[in-house]
Amino acid sequence: MRDVAVIGYGMTKFGELWQTPLRDLFAEAAVACLADAGVERGRLQSAYIGCMSSGLFNGQEHLASILCDYAGLAGLAATRVESACASGGAAFRAAYLEVASGASDFVLAGGVEKMNDGADATYCLSTAADQEYEVYHGITFPGLYAMIAHAHMHRYGTTPAQLAAVAVKNHRNGALNPYAQFPVEITPETVLKAVRVAEPLGLFDCSPVTDGAACVLLCPVDVARELGKPVIRVIGSGHATDAIALHDRPDLAAIPVVGLAARRAYAQAGITVADVDFCEVHDCFTIAEIVCTEELGLFERGRGGPAALDGLTARDGKHPVNASGGLKCKGHPVGATGVAQIAELVMQLSGRAGARQLKSPRIGLAQNMGGSGGSCTVHILEVGS
Ligand code: COA
């Protein structure tokens with residue numbers, strides 16, 4: 001396996017982008033990514049593009065071909081990758097493996113989703129849950145995570161104030177992110193008094209419905225050096241799947257696929273969680289950030305809620321989580337999210353995160369999850385020479 005670096009990123013602003021068609025979203029991110037990397041499009045050898053459900057959201061399949069053609073990349077070996085909300089992370093892993101294997105030198109990892117296009121977003125998203133045993137009975141994603149929240153509260157005493165602390169912190173960070181859908185600060189009272197979506201989760205416990213795209217460019221580390229790029233190396237790539245129905249898993253208060261993917265990534269990187277300087281975590285709902293920080297090993301089981309309330313996950317805390325604003329504030333265009341997380345790692349590790357820049361981070365981790373924990377990727381990037 002060759003050492004692999006990420007040498008450029010490009011993103012659209014996230015939000016309700018009614019005027020921007022699906023293909024334009026991808027083209028904008030891809031063109032920006034190649035410009036950032038300083039690599040001619042003719043040098044690209046392949047692309048992997050994460051997208052959960054363009055067929056349902058936009059009536060468009062055969063996605064990789066139409067996106068690459070429109071972005072001026074016709075002829076490229078390009079593949080769409082689907083793993084629900086972890087599609088972007090899975091696309092990044094495929095691109096990483098292709099460069100690491102020696103098969104290609106320049107590979108684009110992209111992600112795109114246009115969720116505001118007239119389709120019923122709640123229905124489209126629910127196709128990532130178990131149709132026969134969950135969706136048929138009326139459950140939605142807020143409902144599934146509400147059950148996880150209830151279990152966590154029952155088992156560990158997690159409180160609504162702790163859930164709210166996650167949203168408040170992520171909005172504080174995202175207010176500094178020009179790509180964010182809702183770049184505004186909020187108070188705990190706003191979260192706690194908001195309209196209920198699925199008790200105990202209110203409007204501000206939920207990630208929004210978002211349009212957006214993100215791309216990053218990968219190449220071998222020695223090629224990155226020749227190009228004079230800062231070396232942001234992929235040191236760990238973990239991927240795992242699990243049963244997608246909550247009742248098929250032994251513990252409602254846990255999401256074991258996250259721990260499994262994380263342990264694989266830590267093992268490859270030869271590090272422990274103590275070596276990680278900051279994380280982008282899949283906070284599709286506030287309870288998800290709490291459980292995922294526990295699964296990643298940042299906190300013991302049941303301590304994720306108190307840690308959020310005590311500021312341990314703030315930008316100036318011991319374990320900064322979601323300096324970008326996370327899915328909650330930045331937005332969650334499901335197929336693009338995993339790649340946008342990698343883009344945030346690149347911005348932070350290269351000192352280009354602007355007002356939300358962390359202090360000289362060296363190792364960053366991105367955790368991207370499908371559905372209520374049916375799939376997960378964990379990637380660890382390190383800046384060095
Ligand atoms: N956070 C903060 N504000 C939000 C928001 C969110 N998640 N979602 C919508 N808003 C705002 C809108 O901007 C709008 O504000 P305005 O009245 O000032 O314009 C207002 O709230 C109502 O927006 P609307 O689009 O009508 O909300 P909705 O009721 O249709 O949807 C949710 C709200 C929470 C149900 C929806 O965002 C949702 O389903 N989120 C979860 C997505 C999901 O499951 N993703 C996959 C995870 S696995």
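In listed order, ligands and their atoms are each counted from 1.
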Quiz item: Arg301 pairs by side-chain hydrogen bond (donor to acceptor under 3.5 Å, both in side chains) with which of Glu294, Glu295, His152?
Solution: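 Single pass found, and it is Glu295.
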Do me a favour and list the nearest non-hydrogen protein atom to [atom] with residue, atom name and distance?
atom                    : value
atom 7 (N) of ligand 1  : Cys206 O, 2.8 Å
atom 1 (N) of ligand 1  : Lys328 NZ, 2.9 Å
atom 25 (O) of ligand 1 : Glu16 OE2, 4.5 Å
atom 39 (O) of ligand 1 : Val209 CG2, 4.3 Å
atom 42 (C) of ligand 1 : Ser207 O, 3.5 Å
atom 43 (C) of ligand 1 : Leu125 CD1, 3.4 Å
atom 35 (C) of ligand 1 : Val197 CG1, 4.2 Å
atom 32 (C) of ligand 1 : Leu203 CD1, 4.4 Å

Can you confirm whether the side chains of [X] and [Y] place a donor and an acceptor under 3.5 Å from each other?
X      : Y      : answer
Asp283 : Asn170 : yes
Thr377 : Arg93  : no
Thr210 : His332 : no

Please report whether [atom] has a protein non-hydrogen atom at a separation of less than 4.0 Å.
atom                    : answer
atom 17 (O) of ligand 1 : no
atom 22 (C) of ligand 1 : no
atom 48 (S) of ligand 1 : yes
atom 45 (N) of ligand 1 : yes
atom 5 (C) of ligand 1  : yes
atom 37 (O) of ligand 1 : yes
atom 14 (C) of ligand 1 : no
atom 29 (O) of ligand 1 : no

Self-check item: Numbered atoms and elements of ligand 1 in range of Phe204, under 4.0 angstrom, heavy atoms
Solution: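 Listed by number with element: 2 (C).
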Self-check item: Distance (rounded to the nearest 0.5 Å) between Gln268 CD and Met1 CE
Solution: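 Atom-to-atom, Gln268:CD and Met1:CE are 5.5 Å apart.
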Self-check item: Separation between OG1 of Thr187 and CZ of Phe204, rounded to the nearest 0.5 Å
Solution: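 Rounded to the nearest 0.5 Å, the OG1-CZ separation comes out at 9.0 Å.
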Quiz item: Which pair of non-hydrogen atoms, one from Asp211 and one from Met115, has the smallest distance, and what is that distance?
Solution: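 Reported closest heavy-atom pair: OD1-N, 2.8 Å.
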Quiz item: Looking only at heavy atoms, what is the nearest atom pair of Leu246 and Ser372, with distance?
Solution: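 In terms of heavy atoms, the two residues are closest at CD2-OG, 3.7 Å.
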Quiz item: When you measure from atom 12 (C) of ligand 1 to each heavy atom in Phe285, Tyr145, Phe182, Phe141, which option holds the nearest one?
Solution: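 Of the listed residues, Phe182 has the closest heavy atom.
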Quiz item: So which pairs with a foot in residues 125-145 pass side-chain hydrogen bond (donor to acceptor under 3.5 Å, both in side chains), sequence neighbours left out?
Solution: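 Of all non-adjacent pairs touching residues 125-145, none passes side-chain hydrogen bond (donor to acceptor under 3.5 Å, both in side chains).
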Name every donor-acceptor pair, under 3.5 Å, that has one atom in a side chain of residues 351-358 and the other anywhere in the protein, sequence neighbours excluded.
unit_1, atom_1, unit_2, atom_2, d
Arg352, NE, Ser350, OG, 3.1
Arg352, NH1, Asp36, OD1, 2.7
Arg352, NH2, Asp36, OD2, 3.3
Arg356, NE, Glu344, OE1, 3.3
Arg356, NE, Glu344, OE2, 3.1
Arg356, NH1, Ala353, O, 3.2
Arg356, NH2, Glu344, OE1, 2.8
Gln357, OE1, Arg352, N, 3.2
Gln357, OE1, Ala353, N, 2.9
Gln357, NE2, Gln348, O, 2.9
Gln357, NE2, Gln348, OE1, 3.3

Quiz item: Between the main-chain N or O of Tyr179 and the side-chain N or O of Asn177, is there a donor-acceptor pair closer than 3.5 Å?
Solution: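 Yes, Asn177 side chain to Tyr179 backbone: donor-acceptor pair under 3.5 Å.
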